[in-house]
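The chains referred to below are lettered A, B, ... by the order of the sequence lines, with proteins before strands, and numbering in each begins at 1.
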Number of protein chains: 2
Amino acid sequence: MKALLLVAHGSRRKQSNDEVVLLAEKLKRQCSQQYSIVNAAFLELADVLIPDGIKQCATEGATSIVVLPYFLNSGRHVIEDVPGIVEDCIGQYPDIKISLAPHLGASDLMMDLIISSAESVKN
Amino acid sequence: MKALLLVAHGSRRKQSNDEVVLLAEKLKRQCSQQYSIVNAAFLELADVLIPDGIKQCATEGATSIVVLPYFLNSGRHVIEDVPGIVEDCIGQYPDIKISLAPHLGASDLMMDLIISSAESVKN
């Protein structure tokens with residue numbers, strides 16, 4: 001059973017974290033063929049941190065988990081913090097294949113997304 | 001002459017800001033049919049702020065500028081700060097049509113981008 005764990009930075013503004021949770025719920029509905037489980041977790045400043053998110057996926061029966069950093073830039077969080085926490089979790093779940101996807105900003109589709117957003121403005 | 005101004009938050013980490021500038025340069029090469037001018041600017045913590053970015057587009061001969069907030073979440077920056085600064089600039093350039101695009105995270109393509117990033121992991 002494949003799981004996708006969307007990992008955002010987390011914000012003191014609860015509404016901002018809720019937005020990521022809602023996005024994960026929307027993803028769950030739309031990509032149920034690829035991922036039976038979709039959850040959101042945060043690096044900091046939120047209730048559900050990365051280890052909690054991985055635990056949640058495991059509890060729901062995940063046999064593999066793709067952790068996707070929902071970050072635009074490849075700063076310290078993307079390069080060190082998220083990989084470090086995921087690495088620690090890997091040792092705790094020897095029966096689950098836990099992988100780290102490239103952060104969102106690294107996607108080749110980013111250019112299309114930018115152009116599409118810009119073109120949505122009638123100018 | 002249409003211009004696209006990519007507006008990121010800005011970071012104390014110069015490398016992170018450089019990444020956005022590089023993205024704007026890549027966009028300029030790839031979407032020259034839609035936008036003759038593509039520049040990057042920042043809300044804070046960088047040399048080129050939003051008014052500087054708009055001025056730069058104007059100097060390069062822009063007749064219209066689409067300002068695109070390169071933000072994932074609709075926090076205060078997206079809801080108040082960027083629109084407020086853009087609004088101030090609109091008054092200063094009466095001959096240029098300056099529009100604000102929805103922030104990146106609002107794009108319908110975001111789901112595709114997430115799935116594509118997750119699927120790039122061999123799992």
Side-chain angles (χ1 to χ4, degrees), chain A residues 2-6 8-9 11-13 15-20 23-24 26-27 29-31 33-35 38 63-76 78-79 97-123, chain B residues 2-6 8-9 11-13 15-20 23-24 26-27 29-31 33-35 38 63-76 78-79 97-123:
Chain A
K2 288 172 75 177
L4 173 60
L5 183 63
L6 198 61
H9 183 278
S11 166
R12 281 187 189 84
R13 191 175 158 271
Q15 220 176 323
S16 187
N17 297 340
D18 289 347
E19 229 175 86
V20 181
L23 178 62
K26 205 169 159 189
L27 268 169
R29 289 193 296 274
Q30 293 201 8
C31 70
Q33 285 198 320
Q34 294 107 313
Y35 299 96
V38 181
T63 51
S64 74
I65 305 171
V66 175
V67 179
L68 177 73
Y70 190 64
F71 286 77
L72 286 176
N73 286 105
S74 65
R76 189 171 45 84
V78 163
I79 294 169
K97 182 170 166 45
I98 301 176
S99 318
L100 186 62
H103 71 288
L104 205 72
S107 170
D108 290 338
L109 291 180
M110 188 51 87
M111 310 275 258
D112 297 340
L113 197 141
I114 291 171
I115 298 299
S116 151
S117 288
E119 292 288 297
S120 72
V121 177
K122 298 283 164 269
N123 206 28
Chain B
K2 287 172 76 178
L4 173 60
L5 183 64
L6 199 62
H9 182 277
S11 166
R12 280 187 190 83
R13 190 173 160 272
Q15 221 175 323
S16 187
N17 297 342
D18 289 346
E19 229 174 87
V20 180
L23 177 62
K26 207 169 158 188
L27 268 168
R29 288 193 297 274
Q30 292 201 10
C31 69
Q33 286 198 318
Q34 293 107 311
Y35 299 96
V38 182
T63 51
S64 74
I65 304 172
V66 175
V67 179
L68 178 73
Y70 189 63
F71 286 76
L72 286 175
N73 287 105
S74 64
R76 189 171 44 84
V78 163
I79 294 169
K97 181 170 165 50
I98 301 176
S99 319
L100 185 63
H103 72 288
L104 205 70
S107 170
D108 290 338
L109 291 180
M110 188 50 88
M111 310 275 257
D112 296 340
L113 196 142
I114 291 172
I115 297 299
S116 151
S117 289
E119 293 287 298
S120 73
V121 178
K122 298 281 164 270
N123 205 28

Trace of the side chain to side chain contact (heavy atoms under 4.5 Å, CB included) decision for B:D112 with A:D112:
CA-CA 11 Å; B:D112 296 340; A:D112 297 340; over 6 Å; no
Turns out that what part of B:Q15 lies under 4.5 Å from chain A's heavy atoms comes down to neither
Heavy atoms of B:P102 and A:S117 approach each other most closely as CD-O, 3.9 Å
What heavy-atom pair brings A:A118 and B:L4 nearest, and what distance separates the two atoms?
CB-CD1, 3.7 Å
Tell me, out of A:S16, A:S74, A:A8, A:C31, who's got the most heavy-atom pairs with chain B below 4.5 Å.
A:S74
Where does B:L27 contact chain A at under 4.5 Å (heavy atoms): side chain, backbone, both or neither?
both
For each of A:K26, A:E19, A:H103, A:R76, tally heavy-atom pairs with chain B at distances under 4.5 Å, and name the one with the top tally.
A:E19
Look at A:I115, A:L109, A:L113, A:L68 and state which one has the largest set of heavy-atom pairs under 4.5 Å with chain B.
A:L113
Ignoring hydrogens and geometry, is there a side-chain-to-backbone donor-acceptor pair from B:Q30 to A:M111 under 3.5 Å?
no
Answer with side chain, backbone, both or neither: which region of B:I79 has an atom nearer than 4.5 Å to a non-hydrogen atom of chain A?
side chain
Decide yes or no on side chain to side chain contact (heavy atoms under 4.5 Å, CB included) for A:I114 and B:L104, but give the supporting numbers first.
CA-CA 7 Å; A:I114 291 171; B:L104 205 70; 3.7 Å; yes
Examine whether an atom of B:F71 lies under 4.5 Å from a heavy atom of chain A, and if so say whether it belongs to the side chain, the backbone or both; otherwise answer neither.
backbone
Drop me the distance from B:L72's CG to A:L72's CG, to the nearest 0.5 angstrom.
3.5 Å
Is it the backbone or the side chain of B:L6 that comes under 4.5 Å from a heavy atom of chain A, or both, or neither?
side chain
Checking B:S116 against chain A: side chain, backbone, both or neither under 4.5 Å from a heavy atom?
side chain
